[in-house]
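See structure below.
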Number of protein chains: 2
Amino acid sequence: MQLKNQVEWALHCCAILAGLGPDRHLPTKDLAELHGVPKEYLSKALQALSQAGIVEGTLGPSGGYRLARPAGAITFLNIVEAVEGKGSSFACTEIRKNNPCRGSMSGAAAGDSRPCAIARVMWEADRAWRESLNGVSLADLAKTLEKTVPAPLLKKTAAWVEART
Amino acid sequence: MQLKNQVEWALHCCAILAGLGPDRHLPTKDLAELHGVPKEYLSKALQALSQAGIVEGTLGPSGGYRLARPAGAITFLNIVEAVEGKGSSFACTEIRKNNPCRGSMSGAAAGDSRPCAIARVMWEADRAWRESLNGVSLADLAKTLEKTVPAPLLKKTAAWVEART
DNA sequence: TAATTACGGATAATGGATATCCGTAATAAA
DNA sequence: TTTATTACGGATATCCATTATCCGTAATTA
């Protein structure tokens, strides 16, 4: 079970966009170069973010992407779900219904009024995962980066980005 | 991102094995028939459980599988990790190192002494997921099943299984 | 001796993830 | 007005993990 690499790309791109000045846009080409990933494919991830209302795309020269909401109002979960989808990681295929002993039983005796107990445990873990991701916003991430990334690199990167907006 | 269907199968098989009498074995063939899944492929999942020390296989006629530990000492996490692996769902490929601004920097200024901040958030969510799964044992599951599955079906299935051990 | 079983290796078949290419419309700069 | 730049979406190809099947071997029981 592995998240798509686009999830990683989308998160890093959002981290960059969170550092942008107001009404500045950064195009796909530069986001791709900054992260060393294929531009055309990264574009798909950014389009997913756009459709989810997390970023806004602007056409034309001096166009590009910016966040559609304040960084404090965008969580990791928002980004992950935009790219990866909102479906649970556990798909219950109801194999309990294949139990041959159920053949003769009907209605309540078949006992599938409640969801499968195993699925419920798996879904609860999924919920815990999402809750954890929803507890961290892009603003939180920015704060952490300022503390852990050396100031020179932080500054140089900001300048690199700024020059392309 | 989707867990393998073998995870679902393994969990249901373990639930059945947890209901077995002491020193009884249930072969792959019957576990496959009970759940309506291909026997040869289910066998792979059971082998993974066996390698992880969760179940024990016994050869020969009247052979088959049984739990290797008490049901209270086997958690959902144990089973999921046995089939799915222990790796994180988020793979950090360190794309931050592709930042062209790092080119001129060395050592501490490059700033990768600490793991990537984004990866840390993702891994923390992964930890929460595993913690949730580790909080539920097969004994817990058995208790839930006794409460939620209709007694007739529960009894009939137990008899069906018993007859094949 | 014969039947049954776990186990592991080898080998397809399938489908989603990954990646590329191109056309269209919008927009800004020249 | 013209040209260049950009997001966006459709179409297509490639790759690889998952899914699935088959078979040989060794152990064990009847």
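These numbers come from the heavy atoms of this one structure, side chains and all, not from hydrogens, waters or symmetry mates. Chain identifiers are assigned alphabetically (A, B, ...) following the order of the sequence lines, protein sequences preceding nucleic acid strands; residue numbering begins at 1 within each chain. In this text, all values refer to a predicted model and were calculated from it rather than measured experimentally.
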Starting from [atom2] on [N], measure out to [atom1] on [X] and report it in whole angstrom.
{"X": "Y65(A)", "N": "dA26(C)", "atom1": "OH", "atom2": "C1'", "answer": "13 Å"}
{"X": "L31(B)", "N": "dC7(C)", "atom1": "CG", "atom2": "P", "answer": "12 Å"}
{"X": "Q47(A)", "N": "dG10(D)", "atom1": "CD", "atom2": "P", "answer": "9 Å"}
{"X": "D30(A)", "N": "dA7(D)", "atom1": "CG", "atom2": "C1'", "answer": "14 Å"}
{"X": "D23(A)", "N": "dA28(C)", "atom1": "CG", "atom2": "P", "answer": "12 Å"}
{"X": "L59(A)", "N": "dA29(C)", "atom1": "CG", "atom2": "C1'", "answer": "15 Å"}
{"X": "E56(B)", "N": "dA6(C)", "atom1": "CD", "atom2": "P", "answer": "13 Å"}
{"X": "L42(A)", "N": "dT20(C)", "atom1": "CG", "atom2": "C1'", "answer": "14 Å"}

Quiz item: Does Y41(B) have a side-chain nitrogen or oxygen under 4.0 Å from the phosphate oxygens OP1 or OP2 of dT19(D)?
Solution: yes

Quiz item: Does a nitrogen or oxygen in the side chain of T28(A) sit under 4.0 Å from OP1 or OP2 of dA7(D)?
Solution: yes

Quiz item: Closer to the 5' end of DNA chain D via nearest nucleotide, is it N5(B) or E40(A)?
Solution: E40(A)

Quiz item: Given that E84(B) and K39(B) both sit by DNA chain D, which one's nearest nucleotide is further toward the 5' end?
Solution: E84(B)

Quiz item: With a non-hydrogen cut-off below 4.0 angstrom, is G60(A) in contact with a base, only sugar-phosphate, or nothing?
Solution: base

With the side chain of [X] defined as its heavy atoms from C-beta on, choose the nearest nucleotide among [options].
{"X": "P61(A)", "options": "dT20(C), dA20(D), dT27(C)", "value": "dT27(C)"}
{"X": "P27(A)", "options": "dC7(C), dA7(D), dA10(C)", "value": "dA7(D)"}
{"X": "S50(A)", "options": "dA19(C), dC8(D), dG8(C)", "value": "dC8(D)"}
{"X": "K4(A)", "options": "dA17(C), dT19(D), dG9(D)", "value": "dA17(C)"}
{"X": "P38(A)", "options": "dC8(D), dA19(C), dA30(D)", "value": "dA19(C)"}

Self-check item: Toward the 5' end of DNA chain C, by each residue's nearest nucleotide, L3(A) or T58(A)
Solution: L3(A)

Using a strict cut-off of less than 4.0 Å between a Lys/Arg side-chain nitrogen and an Asp/Glu carboxylate oxygen, indicate whether [X] and [Y] qualify as a salt bridge.
{"X": "D23(B)", "Y": "R66(B)", "answer": "yes"}
{"X": "R127(B)", "Y": "E124(B)", "answer": "yes"}
{"X": "R164(A)", "Y": "E162(A)", "answer": "no"}

Exercise. Would you tell me whether N99(A) and T157(B) have side-chain atoms, one donor and one acceptor, within less than 3.5 Å of each other?
Key: yes

Quiz item: Is it true that the side chains of S50(A) and E56(A) contain a donor and an acceptor less than 3.5 Å apart?
Solution: no

